[in-house]
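For reference, the structure is listed below as structure tokens.
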Amino acid sequence: MRAVVGRAHNAVMSEPNESFTDEEYAFLRHVRFGELPPGVRPEDRVELTETDARRDRPEPAGGPEAWALRNSPG
């Protein structure tokens with residue numbers, strides 16, 4: 001990197017001094033993500049229960065005897 005008065009070149013770059021207003025940030029969010037869906041009303045919310053098998057672990061293979069063989073020392 002090229003040195004600028006004893007510092008690395010990219011050390012001169014900094015954050016801009018001016019910032020966006022809340023309205024400008026809201027506009028930029030709208031441009032990027034579009035219109036948000038309406039919020040779910042409290043009376044429309046339901047409690048979820050896990051009924052399916054866990055998908056983050058494979059199904060166990062073999063029976064207790066096979067596991068004892070795999071996990072035995074030596």
Side-chain angles (χ1 to χ4, degrees):
M1 275 185 204
R2 185 178 63 141
V4 177
V5 190
R7 296 182 295 176
H9 177 66
N10 64 352
V12 178
M13 299 170 65
S14 64
E15 294 292 320
N17 291 337
E18 56 190 67
S19 182
F20 291 119
T21 64
D22 289 343
E23 292 81 19
E24 289 169 330
Y25 276 125
F27 173 74
L28 292 173
R29 277 192 303 275
H30 178 76
V31 167
R32 182 169 182 188
F33 300 110
E35 191 70 30
L36 292 176
V40 178
R41 298 181 307 199
E43 61 268 13
D44 293 337
R45 296 179 185 168
V46 294
E47 186 175 339
L48 298 179
T49 355
E50 188 72 29
T51 56
D52 294 334
R54 293 181 65 166
R55 289 176 258 163
D56 61 338
R57 296 186 182 170
E59 292 291 324
E65 297 84 17
W67 281 103
L69 283 174
R70 290 182 193 163
N71 296 325
S72 64

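- Not a single salt bridge (charged side-chain N to carboxylate O under 4.0 Å, His left out) links R45 to another residue, sequence neighbours left out.
- Legend: residues meeting ring pair (Phe, Tyr, Trp, His ring centres under 6.0 Å) with F27, ordered by chain and number and at least two apart, are absent.
- Atom CD of E47 has 12 or fewer neighbouring heavy atoms from other residues, nucleotides or ligands inside a 6.0 Å radius.
- In terms of the side-chain hydrogen bond (donor to acceptor under 3.5 Å, both in side chains) criterion, residue partners of D44 (sequence neighbours excluded) are, by chain and number, R41.
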Return all side-chain donor-acceptor pairs below 3.5 angstrom for residues 30-39, not counting sequence neighbours, or 'none' if the list is empty.
none

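- The side-chain contact (heavy atoms from CB on, under 4.5 Å) test applied to T49 returns no partner, not counting sequence neighbours.
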